[in-house]
Number of protein chains: 2
Amino acid sequence: MNDTPHKLKDTGLKVTGPRQTILALFQNAAQRHMSAEDVYKLLVSDNTAIGLATVYRVLTQFEQAGILNRSNFENGKAVFELNEGKHHDHIVCMDCGRVEEFFDAEIEARQKKIAKAQGYEIEDHSLSLYARCIKSGCPYKK
Amino acid sequence: MNDTPHKLKDTGLKVTGPRQTILALFQNAAQRHMSAEDVYKLLVSDNTAIGLATVYRVLTQFEQAGILNRSNFENGKAVFELNEGKHHDHIVCMDCGRVEEFFDAEIEARQKKIAKAQGYEIEDHSLSLYARCIKSGCPYKK
DNA sequence: GTATATGCAAAACTTTTGCATCCTT
DNA sequence: AAGGATGCAAAAGTTTTGCATATAC
């Protein structure tokens, strides 16, 4: 059931307490997208003593190991989410901060085509839509 | 020829030395995309004494006035460019840092459609392709 | 036992703000 | 003359780093 240790070992990272805790946090937390500060606060509220510096180090290592993905939204803080192998882009609600995901093959295809036409080979890309909910679920809907 | 004062007056901003200098800098500089630090360094190398805090304030005011556009690339620093009324997205070269622009009506249309389908109305968006030059112009080409 | 990880504090880096002074209108 | 703008220094916010100690293998 708890395959966290295996997942860590697979990457060559030592299986330490902080790493297991933080990985489990992403696997179980209510919110899928979290900043370093979000993670740290969750740990504190769980009475789990992990230093903020360790949180940053672990998040960076997890990103390099392919366990997490990092995104930079317009608020200036990096947010992380579990990498489940399916690339996607984001819609960020400007009212409530909720983050949803989407994937569009046509946008992906056109990006490649455009880059190539301008003489580039895409290594990575980031597409974020900043929007306002028009559905009823948004708690901050005007 | 120098319509800088008019452009500033039109926005309701007072025509001050720093504002004229910084606007002229964007109108004449070799690079179209500049961070606050880039601007500040250019000013220093021109022996123009403008405080870094003023640079930040002016850039923010110019953005709010619609004179400049702000983008956040993955390096964590905001970059500004002249707003010439034509929305576009960016290709950032990961070797040399060069920034190119593109616009694709189809991508724009699909973004709107996707947001709507998920219950959002787009307010803004940011699309950046991180890529490597395959043409000869890149000075850092491998 | 050795190499790596962690915690804490300090530092780095970008951006913002308080306040006295100066400048535009 | 009055309100807004600027400069400087200090502060704020996020992320990184140095170093002594603790932990995994």
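Below, chain A is the first sequence line, B the second, and so on; all start at residue 1.
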Protein-nucleotide distance (A:Glu37, atom CD; D:dT15, atom P), rounded to Å: 9 Å

Provide, to the nearest angstrom, the distance between the CG atom belonging to A:Leu43 and the C1' atom belonging to C:dT6. 14 Å

So, is B:Thr16 close to the D:dT6 phosphate, meaning a side-chain N or O under 4.0 Å from OP1 or OP2? yes

Hey, can you tell me if B:His90 and B:Phe73 have their rings parallel, tilted or perpendicular (30° and 60° cut-offs)? perpendicular

Taking the minimum atom-to-atom distance to the side chain of B:Ala53, which one of D:dC8, D:dT17, D:dT6 wins? D:dC8

Could you check how far CG of B:Asn75 sits from P of D:dT14, rounded to whole Å? 18 Å

For the side chain of B:Asp38 and the backbone of B:Ser35, is there at least one donor-acceptor N/O pair under 3.5 Å apart? yes

Find out if a path of hydrophobic residues (ILVMFWY) with successive side-chain heavy-atom gaps under 4.5 Å connects B:Ile67 to B:Ile50. yes

When rounded to whole Å, the NZ to P distance for the pair B:Lys9 and C:dT24 reads 12 Å

Nearest to the side chain of B:Arg57, heavy atoms from C-beta on, is which of D:dC19, D:dG7, D:dT15? D:dG7

If only side-chain N and O atoms of A:Tyr56 are considered, is one of them under 4.0 Å from the OP1 or OP2 phosphate oxygen of D:dT16? no

Quick check on C:dA5: is either OP1 or OP2 less than 4.0 Å from any side-chain nitrogen or oxygen of A:Arg19? yes

Test log, rule salt bridge (charged side-chain N to carboxylate O under 4.0 Å, His left out), inputs B:Arg32 and B:Glu84: CA-CA 12 Å; B:Arg32 181 169 159 70; B:Glu84 282 158 342; 3.4 Å; yes

Length of the CG-C1' vector between B:Leu59 and D:dA5, whole Å: 15 Å

So which one's nearest nucleotide on DNA chain D is more toward 5', A:Lys77 or A:Leu13? A:Lys77

Using heavy-atom distances to pick each residue's nearest nucleotide on DNA chain C, tell me which of A:Val58 and B:Thr60 is more 5'. A:Val58

For atom CG of B:Leu52 and atom P of C:dT14, their distance in whole Å: 10 Å

Toward the 5' end of DNA chain D, which comes first, B:Pro18 or A:Ser35, by nearest nucleotide? B:Pro18

For A:Ile50, which contact category applies under a 4.0 Å heavy-atom criterion: base, sugar-phosphate, or nothing? sugar-phosphate

Between CG of A:Leu8 and P of C:dT6 the distance, given in whole Å, is 10 Å

On the nucleotide D:dC25, are OP1 or OP2 found under 4.0 Å from the side-chain N or O atoms that A:Lys14 carries? no

Donor-acceptor pair between B:Asn69 and B:His87 side chains, under 3.5 angstrom: no

Spacing of A:Gln64 atom CD relative to C:dA5 atom C1', expressed in whole Å: 15 Å

